Amino acid sequence: MGGLLAQIIMKAFLLDIDYETQDNRAVIRLFLKDEDGRFFLAKDRNFSPYFYAFISGYPNEIIQSIKELDEKARIKKLEIVEKKYFKEIINVLRITVGHPQDVVAVREKINELEGIDEIHEYDILFARRYLIDKNITPMDWLEIEGKKRDEYLEVDMIKRAQGEVPELKVLSFDIEVYNPKGVPRSDRDPIIMVSLASSKGLKKVLTWKDEFEDLDFVEVLPDETSVLKRFEDIVFEEDFDIVIGYNTDNFDFPYIEKRLKALDISFSIARDGSGLKLSGRKNLPEAKIKGRPHADVYSIVKKNVKLSSYVLENVVGEVLGIQKEKIPGKKLYQYWDEGGESLRKLAKYSLEDAEVTLKLGQKFLPLYEQLAKIIGQTLHDVTRMTTGQLVEWLLMRESSLKGNIIPNRPHGSEYMARAGETYTGGYVKSPKRGLSENIAVFDFRSLYPSVIVTHNIDLSTLKMENCKENIVPEFGYCFETSSRGFIPEILKDLVGKRNILKKKLKENNDPVERLFLHVQQHALKILANSFYGYMGYPRARWYKRECAQAVASLARMYIKKVMTIAEEDFSLEVIYGDTDSLFVIVPENKRNVAIEFLKKVNADLPGIIELEYEGYYKRGLFVTKKRYALIDENGKITVKGLEFVRRDWAAIARKTQEKVLKILLKDANPEKAAKLVREVIINIKERRVKLEDLIIYTQLTKSIKSYKNIEPHLIAAKRLKDGGEEVVPGMIIGYVIVKGTNKLISMRAEPAAFVKLENYDPDYYIDNQILPAVLRIFEAIGYTRDYLREGIEQRSLKGWF
DNA sequence: CTGTAACGGGG
DNA sequence: GTGTACGTTACAG
């Protein structure tokens with residue numbers, strides 16, 4: 001331990017947190033940056049895992065029986081403490097242990113003891129618990145008092161401090177893999193390139209095939225191992241704070257990990273020198289790098305932008321307006337084999353992937369830095385949370401700080417019961433079917449949070465009987481107003497903070513400051529808007545069906561009222577509305593009426609409820625509730641509920657559907673669209689189609705023998721195997737449905753490579769692919785299956801004779 | 001109708 | 001790691 005160590009006090013910025021085990025005890029590790037931007041590590045040995053038990057009976061007897069079952073002396077302390085649980089003040093038993101795993105070891109035994117009613121807070125991850133209890137947050141400054149040791153700072157005291165977010169170094173990377181069989185086989189197929197792009201301007205491709213004399217961003221190394229080692233070195237040389245990539249949780253990091261095993265080498269880009277920490281959240285893998293928060297931009301984009309496809313090229317096109325070429329995954333290995341110009345093209349493509357991912361990351365990371373700061377968990381974790389989880393971590397922190405016991409997550413039967421409870425959601429006005437022109441969309445987004453605040457909707461204020469005021473219209477129960485509920489209190493605070501930011505935004509002209517204010521208010525808006533969904537989310541700790549139901553009910557009342565005002569007071573036709581939005585016909589000469597309507601509504605609405613103008617559309621096609629398409633004045637098409645972009649649909653179906661939608665929205669000509677469909681049908685019948693447009697792609701997710709059900713891609717995979725092909729799990733099976741006597745579609749699935757143009761089944765493609773895809777749209781204008789087929793049967797009959 | 005399996009991104 | 005997604009679609013039976 002050494003002699004006397006000087007006590008120091010310093011400011012530090014918190015990037016990441018975890019714990020390590022020393023002498024069977026958990027030690028918190030904080031990954032920090034000092035005020036000069038240098039990384040350092042701090043350790044806190046003074047924090048122990050604990051959980052609570054609700055007791056009935058004599059505390060001393062219960063404590064005695066717990067002591068008796070604790071043979072391995074895991075329990076360090078047993079004490080009775082006063083806590084709040086919803087409205088009650090209760091005495092509970094606090095059980096402190098030495099290590100988080102000790103909680104797992106003792107919690108069930110304790111739960112089953114006589115006199116123990118329930119256990120609580122037994123599943124809160126240790127590092128996350130530390131952040132809550134110390135009231136500190138990642139992506140923010142701390143003041144730490146402790147002793148400086150050689151490798152780290154020993155923490156004695158830690159607390160929140162003030163400061164600006166420092167510049168954080170972001171690395172974006174991408175790997176390319178040799179994949180002659182389509183799916184790369186990690187035991188044989190090497191990583192051929194690692195591309196790096198950083199916020200500090202680094203642009204580099206690491207590879208091991210020497211044909212790059214003219215590309216200065218390429219660094220050629222002897223082999224795959226050297227490429228990975230160089231990747232390691234660069235991460236440490238530049239000491240990046242954040243690592244990002246596209247689909248890195250699911251592909252790049254797992255693949256690197258598998259290659260390390262195959263090559264039998266070590267690899268670390270973590271700040272503590274440890275390897276990658278891969279864990280699976282049931283089909284949703286996650287890669288952790290200690291001390292360097294890792295954000296997978298794919299999962300971030302998916303949560304923030306509604307797109308028809310999240311292929312990187314499409315995302316950067318839609319989100320950044322950058323047109324980027326894609327090398328089809330299947331052909332990638334050919335570029336490597338061909339060498340020369342192809343290889344240089346591959347290197348450029350690979351670097352471009354890392355660069356655009358960096359740009360996407362820089363667009364979204366500020367939002368997640370704010371969310372991390374507000375809810376108080378790491379950037380790594382926050383980027384992987386659903387909005388419900390964000391709300392829950394905020395509530396857990398607030399609840400704990402106020403001396404409350406946190407409610408348990410539902411398990412087994414309780415979850416099933418909740419999931420089975422249904423209630424009426426938002427009000428959806430059936431659309432005026434077909435095509436409409438000049439549509440203004442108004443959005444009601446702050447409706448739900450303000451309903452919760454205004455009506456004080458909370459578990460603790462809910463009153464089922466003897467209601468006199470603040471009654472939920474359709475249900476008769478009410479919410480007490482004498483004191484503010486837990487959730488409305490937090491929500492009011494969030495909304496209040498957001499309003500202050502919005503006010504500052506109005507008064508500020510500095511672009512950089514404005515962007516920062518905007519991101520802050522946006523983070524608060526996302527959180528505030530998630531509370532309603534949270535209360536009705538079956539896995540929520542603070543779930544209450546009656547609360548969610550009440551919010552929905554009151555919101556329906558407000559939106560209907562606004563629709564009535566539009567129609568009765570302003571003679572504006574409302575053609576559609578869903579939950580918090582309304583679609584109104586606003587002809588050119590009525591634009592000022594729409595503005596008056598908006599003013600009037602906002603003047604009348606109580607409190608913070610506000611109707612916003614969302615956008616204006618030239619034309620719209622409305623099919624049914626939640627299924628419509630809009631085209632704006634720039635020709636940009638927005639589609640809701642009609643998408644058919646999955647690879648398990650034949651390309652011909654997707655292409656035809658897209659063409660039909662375009663004709664309807666751009667030309668407003670249903671007959672032209674119907675004619676197009678008839679042409680496609682005839683082409684299919686007469687076999688004037690490309691076989692590749694008929695291929696349906698489905699992934700074989702497990703071995704052939706582990707399938708219980710007969711499925712088309714399974715049968716095709718079997719036939720592929722019988723034909724001598726190697727069939728491995730993960731393979732994408734391309735198949736075509738062929739003619740035959742078997743009535744099961746699956747039994748008529750042939751591997752695409754075995755099918756000739758004369759063999760496919762036209763009826764399947766017409767009835768199961770083309771017609772279902774286009775009928776979704778044609779339904780809206782009253783065109784039927786029969787109408788679309790009109791004139792076609794005769795033609796095919798002629799062909800028959 | 002219910003139960004099972006697959007979709008997403010990546011190469 | 002005091003843990004284990006999600007909402008939706010299609011087909012078989």
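Lettering follows sequence order; numbering is per chain, from 1. For clarity, every value in this text was computed on a predicted model and none was experimentally measured.
Residue Ser309(A) places its side chain closer to dG9(B) than to any other of dG9(B), dA10(C), dT2(C). Closest to the side chain of Val311(A), from the set dG11(B), dG8(B), dG10(B), is dG10(B). The side chain of Asp174(A) lies closest to dG11(B) when the candidates are dG3(C), dC6(C), dG11(B). When distances are taken from the side chain of Val103(A) to each of dT2(C), dG11(B), dG10(B), the shortest belongs to dT2(C). Closest contact between the side chain of Ser279(A) and the listed nucleotides dA10(C), dG3(C), dG10(B) involves dG3(C). The listed nucleotides are dT2(C), dG10(B), dG8(B); the one nearest the side chain of Lys302(A) is dG8(B). Distances were taken from every side-chain heavy atom of Arg539(A) (C-beta onward) to each of dG10(B), dA5(C), dT2(C); the shortest belongs to dA5(C). Which of dG11(B), dG10(B), dG3(C) sits closest to the side chain of Arg107(A) comes down to dG3(C). Residue Arg409(A) has its side chain nearest to dG3(C) when only dG9(B), dG3(C), dT2(C) are considered. Checked against dG9(B), dG11(B), dT2(C), the side chain of Val104(A) finds its nearest nucleotide in dT2(C).
In terms of phosphate contacts, Lys303(A) brings no side-chain nitrogen or oxygen within less than 4.0 Å of OP1 or OP2 of dC6(C). Residue Tyr19(A) has a polar side-chain atom (N or O) positioned under 4.0 Å from OP1 or OP2 of dT2(C). Within the 4.0 Å cut-off from OP1 or OP2 of dT9(C), not a single side-chain nitrogen or oxygen of Trp649(A) is found. In this model, the phosphate group of dG10(B) is not approached by any side-chain N or O of Tyr310(A) to a distance below 4.0 Å at OP1 or OP2.
Under 4.0 Å is where a charged nitrogen must lie from a carboxylate oxygen, and between Asp767(A) and Arg785(A) at least one such pair does.
Atoms NZ (Lys306(A)) and P (dG9(B)) sit 10 Å apart, rounded to a whole Å. Regarding Ile406(A), its CD1 atom lies at a distance of 15 Å from the C1' atom of dG3(C), rounded to whole Å. Summarising the geometry, the separation between CG on Leu332(A) and P on dG9(B) is reported as 18 Å, rounded to the nearest angstrom.
Nucleotides dG11(B) and dG7(C) have their P atoms positioned 28 Å apart, rounded to a whole Å. Rounded to a whole angstrom, the distance from the C1' atom of dC7(B) to that of dA5(C) is 14 Å. Rounded to a whole angstrom, the distance from the P atom of dG1(C) to that of dC6(C) is 16 Å.
For Gln101(A), the side chain to side chain contact (heavy atoms under 4.5 Å, CB included) criterion is met by His99(A), Val104(A), not counting sequence neighbours.
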Tabulated below should be each protein N or O lying under 3.5 Å from an N or O of nucleotides 11-13 of chain C; please produce it.
from: dA12(C); atom 1: OP1; to: Ser746(A); atom 2: N; distance (Å): 3.3
from: dA12(C); atom 1: OP1; to: Ser746(A); atom 2: OG; distance (Å): 2.4

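Atom CG of Leu196(A) and atom CD1 of Ile175(A) lie 11.5 Å apart (nearest 0.5 Å). The line from CZ of Phe31(A) to CD1 of Ile289(A) is 11.5 Å long, rounded to the nearest 0.5 Å. The distance from the CD atom of Glu338(A) to the NZ atom of Lys345(A) is 9.5 Å, given to the nearest 0.5 Å. Note that OH of Tyr122(A) and CD1 of Ile124(A) are 9.5 Å apart. Values are rounded to the nearest 0.5 Å.
Of the residues Ile17(A), Asp272(A), Asp16(A), the one that meets the side chain to side chain contact (heavy atoms under 4.5 Å, CB included) test with Arg29(A) is Asp272(A).
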Once pairs are restricted to Watson-Crick or G-U wobble with both distances under 3.5 Å, how does DNA chain C read as a dot-bracket string, [ ] for crossings and | for other-strand pairs? .....||||||||
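Taking only distance into account, the side chain of Asn250(A) meets the base of dG9(B) through a donor-acceptor pair shorter than 3.5 Å.
Using a 30° and 60° split on the angle between ring planes, His294(A) and His380(A) fall in the tilted class, from 30° to 60°.
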